[in-house]
Visitor: 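Below is one structure. I have some questions about it.
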Amino acid sequence: MSAARTGPAASPLTPVLVSLKLSLLRNGLRQSSGRTAAYVTTVVLVLLVTAAQVLGLVLLRDTAHVDTVVVLLTAVLALGWAVLPLFFPSGDETLDPTRLVMLPLRPEPLVRALLVTSLVGIGPLFTLCLLTGSAAATAHGAGAVAVAVLAVPLALLVCVALARAVAAANIRLLTSRKGRDLAVLSGLVIAVGVQIVNFAAQRLGDAGGLAALDPVTTVVRWLPPAAALGAVGSVSEGAYGRAVAQLLLTGVALAALLYAWQRSLVKLMTAPDGSTLGAGQQGRREATAGRGPGRVLAAAFPEGRTATVMKRSLRYVWRDPKTKAAWATSLAIGLIVPLFNALQGTGTIYFACFAAGMLGIQMYNQFGQDTSAFWMVALTISSTRDAYLELRARALALLVVTLPYSALVTVATAAVLGDWTALPEALGLSFALLGAMLATGAVASARFPYSIPQDSGYKNVAPGQAGLAWISIFGGMLGAALLCAPVLALTIWLHTANLGDRTWLLLPVGTAYGALIALGGLRLAAPQTATRLPEILTAVSKG
């Protein structure tokens, strides 16, 4: 007993957790050269984007509204730290404190260790660079530089502590089935929020530029961590008292976040978790009564391998919280973008293709959606023919939703814009894009599978696979865009050649082209799936 008490004290916890995180990352990258290349590529792209952002901030120095840009940018960074780690791909194991429940650790040193460990990664480096560039853009004089040296790390700590406090407070909710279902609503809120920001930015140009945001900045500069960067600007203006108040406010916010985080850790490590009881009882009642979507699916499809795979895929969409959240978010964004732009008078009917693009993303990482249960599917694949039938059935299940949905969004956009003559060509382009994404998604599923952990409600990619996931998705989307080039070129030619009365041909051409491309992609991915089954099984079972 005494050894258990003195063990953690004798061995500093912070270096142990930092080395553990580095080991997880290193071991994840050692699994394959492709994963290493994907991670390195992601790091390089992030650094390039960061360098461009920092250069832009430095170039804004001495401009009229640089303080507005810096304060609002810091506020957006903080909002991103609070929300994005919960609902977007992340490989940061430090977000999940429940893994440490069985260890004899005190909350105070655990909070310190996790805080330091959380500073290791691409996200903190990106944030640090942006905050440094923001401080450089507003710091004038030795006093402002001295305040910036304190304000930048303080703001970074507030961002990290905010992310960890929010994650710890919601981890019980997000890891239960009923709680993860609520993440669907959160995903919709995020999707709508992003579009509101987009349209607000469009309106900003009509309202006189950044000067219209000055009243908002006056309030935001007192909200941590933006208050820390606001203190740099205050010192540059000679308002030393205001700067001290802003720094103190940020420090108080950091202390409050750390206290809330510690309280959440204590609760997680001492309180029992009964959050899944209601969901389990409800599931048993539905199974006993023979109700729910499973009965509808069983009646809608005949027997056979194709029908079985389609029913399984659609059940995942309805029952699995993460799959449901991804679909709900894609459905919402696919509808919001074209309709909001149409209502604003700034869109075209071609924006309706966004609906097909958002749902086409669901074809990527098909086997990762099965998680460790994919081994049962792998047992049924013994030839290229079996792999083709599996992929084709998954694509057909996706088409059951995407085809009518894409058509509905396109018709609705045409109705709002009153542009019925362009409806056939917009539908043709949407169907061609959908077919291209099915093709590239099938290939990406075979070549770049990654795991979707089920033991955590906030994490969609296993540690060390985040770069692989991004490369898979964005690489596939780029390939889909290239595959759609012939149909797009035909559309442009018909308009430039004054053959607008023949654009209706794009509907049958785009539909046929999309079907052929999809079939070609499935046939290309089938032999790769059959020969790479052990690698796919290892990759998707990692989480």
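Excluded from the calculations below are hydrogen atoms, water molecules and symmetry mates; all remaining heavy atoms, backbone and side chain alike, are included.
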Visitor: For T74 and V70, which heavy atoms make the closest approach, and how far apart are they?
Guide: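 Where T74 meets V70 most closely, the heavy atoms are OG1-O, 2.9 Å.
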Visitor: Mind listing the side-chain donor-acceptor pairs of residues 431-442 below 3.5 Å, one per line with the distance, residues two or more places apart or on another chain?
Guide:
unit_1: T440; atom_1: OG1; unit_2: Y364; atom_2: OH; d: 2.7
unit_1: T440; atom_1: OG1; unit_2: A436; atom_2: O; d: 3.1
unit_1: T440; atom_1: OG1; unit_2: M437; atom_2: O; d: 3.4
unit_1: T440; atom_1: OG1; unit_2: G476; atom_2: O; d: 3.3

Visitor: Can you name the nearest heavy-atom pair linking V54 to C129, along with the distance?
Guide: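 The pair with the smallest heavy-atom distance is CG2-O, 3.4 Å.
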Visitor: Below 4.5 Å, heavy atoms only, C-beta onward: do L257 and R164 meet side chain to side chain?
Guide: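 Result no, sub-4.5 Å side-chain heavy-atom pair not found.
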Visitor: How close do S118 and P124 get, heavy atom to heavy atom, and via which atoms?
Guide: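 Reported closest heavy-atom pair: O-CG, 3.2 Å.
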Visitor: I'd like to check the side-chain hydrogen bond (donor to acceptor under 3.5 Å, both in side chains) partners of S330; sequence neighbours left out, ordered by chain and number.
Guide: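 Checked S330 against side-chain hydrogen bond (donor to acceptor under 3.5 Å, both in side chains); matches are Q362.
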Visitor: Which residues pass the side-chain contact (heavy atoms from CB on, under 4.5 Å) test with V40, not counting sequence neighbours?
Guide: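 Partners of V40 under the side-chain contact (heavy atoms from CB on, under 4.5 Å) test: T36, V44.
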Visitor: Test side-chain contact (heavy atoms from CB on, under 4.5 Å) on M477 and I361; report intermediate values, then the result.
Guide: CA-CA 8 Å; M477 292 173 64; I361 294 177; 4.2 Å; yes
Visitor: Which distance, rounded to the nearest 0.5 Å, do you find between the CG of L403 and the CG of L427?
Guide: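 Atom-to-atom, L403:CG and L427:CG are 10.5 Å apart.
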Visitor: What distance do F474 atom CZ and L45 atom CG have between them, rounded to the nearest 0.5 Å?
Guide: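 So the gap between those two atoms works out to 10.0 Å.
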Visitor: Tell me whether Y405 contacts the main-chain N or O of L331 through its side chain, where contact means a donor paired with an acceptor under 3.5 Å.
Guide: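 Side chain of Y405 to backbone of L331, a donor-acceptor pair under 3.5 Å: yes, one is there.
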Visitor: Do M310 and V400 have side chains that approach each other closer than 4.5 Å (heavy atoms only, starting at C-beta)?
Guide: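 M310 reaches V400 side chain to side chain.
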Visitor: By side-chain hydrogen bond (donor to acceptor under 3.5 Å, both in side chains), which residues pair with T217, not counting sequence neighbours?
Guide: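 By the side-chain hydrogen bond (donor to acceptor under 3.5 Å, both in side chains) rule, T217 matches no residue at all.
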Visitor: Please tell me if the side chains of L494 and W504 come closer than 4.5 Å, counting only heavy atoms from C-beta onward.
Guide: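 The answer is no, as the side chains (C-beta and beyond) never meet within the 4.5 Å cut-off.
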Visitor: Looking only at heavy atoms, which two atoms of E390 and R394 are closest? And how far apart?
Guide: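 Between these two residues, the closest heavy atoms are OE2-NE, 2.8 Å.
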Visitor: Can you tell me how far the OG atom of S430 sits from the CD atom of E425, to the nearest 0.5 Å?
Guide: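 Output value for this atom pair is 10.5 Å.
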Visitor: What is the distance from atom CZ of F354 to atom CD1 of I333, rounded to the nearest 0.5 Å?
Guide: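 Interatomic distance, F354 CZ to I333 CD1, rounded to 0.5 Å: 6.5 Å.
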Visitor: How long is the gap from CG on L125 to CG on L156, to the nearest 0.5 Å?
Guide: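 Atom-to-atom, L125:CG and L156:CG are 10.0 Å apart.
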Visitor: Donor-acceptor pairs under 3.5 angstrom involving side-chain atoms of residues 509-519: please list them, not counting sequence neighbours.
Guide:
unit_1: T511; atom_1: OG1; unit_2: L507; atom_2: O; d: 2.7
unit_1: Y513; atom_1: OH; unit_2: L483; atom_2: O; d: 2.5

Visitor: Out of curiosity, L524 CG to R447 CZ, how far, rounded to the nearest 0.5 Å?
Guide: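 It is 9.5 Å, given to the nearest 0.5 Å.
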Visitor: Using 30° and 60° as the class boundaries, would you call the ring planes of H495 and Y350 parallel, tilted or perpendicular?
Guide: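 H495 and Y350: perpendicular rings.
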Visitor: Are the side chains of L73 and L57 in touch, meaning some heavy atoms are under 4.5 Å apart?
Guide: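 Counting from C-beta outward, L73 and L57 do come under 4.5 Å.
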Visitor: Please confirm whether the backbone N or O of L389 pairs with a side-chain atom of R305, one donor and one acceptor, at under 3.5 Å?
Guide: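 No; zero donor-acceptor contacts below 3.5 Å.
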Visitor: After noting the C-alpha distance and the side-chain angles of Y316 and D370, does the key distance pass the side-chain contact (heavy atoms from CB on, under 4.5 Å) rule?
Guide: CA-CA 9 Å; Y316 280 162; D370 297 349; 3.0 Å; yes
Visitor: Checking D67 side chain against T138 main chain: does a donor-acceptor pair fall under 3.5 Å?
Guide: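 No: the side chain of D67 does not pair with the backbone of T138.
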Visitor: Taking side chain to side chain contact (heavy atoms under 4.5 Å, CB included) as the criterion, tell me which of L396, V443, L522 meets it with L391.
Guide: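 Going through L396, V443, L522 one by one, the side chain to side chain contact (heavy atoms under 4.5 Å, CB included) with L391 is satisfied by L522 alone.
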Visitor: Can L359 and W327 be said to form a side-chain contact (heavy atoms from CB on, under 4.5 Å), step by step?
Guide: CA-CA 7 Å; L359 291 183; W327 271 85; 4.0 Å; yes
Visitor: I'd like to know if the side chain of T491 reaches the main chain of V487, judged simply by a donor and an acceptor atom lying under 3.5 Å from each other, with no hydrogens or angles considered.
Guide: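 Indeed, once roles are kept as given, a pair shorter than 3.5 Å links the two residues.
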Visitor: If you look only at distance, which donor and acceptor atoms sit under 3.5 Å apart when one is on a side chain in residues 408-419 and the other is two or more places apart or in another chain?
Guide:
unit_1: T410; atom_1: OG1; unit_2: S406; atom_2: O; d: 2.7
unit_1: T413; atom_1: OG1; unit_2: V409; atom_2: O; d: 2.8
unit_1: D419; atom_1: OD1; unit_2: T421; atom_2: OG1; d: 3.2

Visitor: Does L499 form a side-chain contact (heavy atoms from CB on, under 4.5 Å) with W493? I'd like the steps, not just the answer.
Guide: CA-CA 8 Å; L499 298 175; W493 179 77; 3.6 Å; yes
Visitor: Would you indicate whether the side-chain heavy atoms of V377 and R312 approach each other to under 4.5 Å?
Guide: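 A side-chain contact exists here, since the closest heavy-atom pair is under 4.5 Å.
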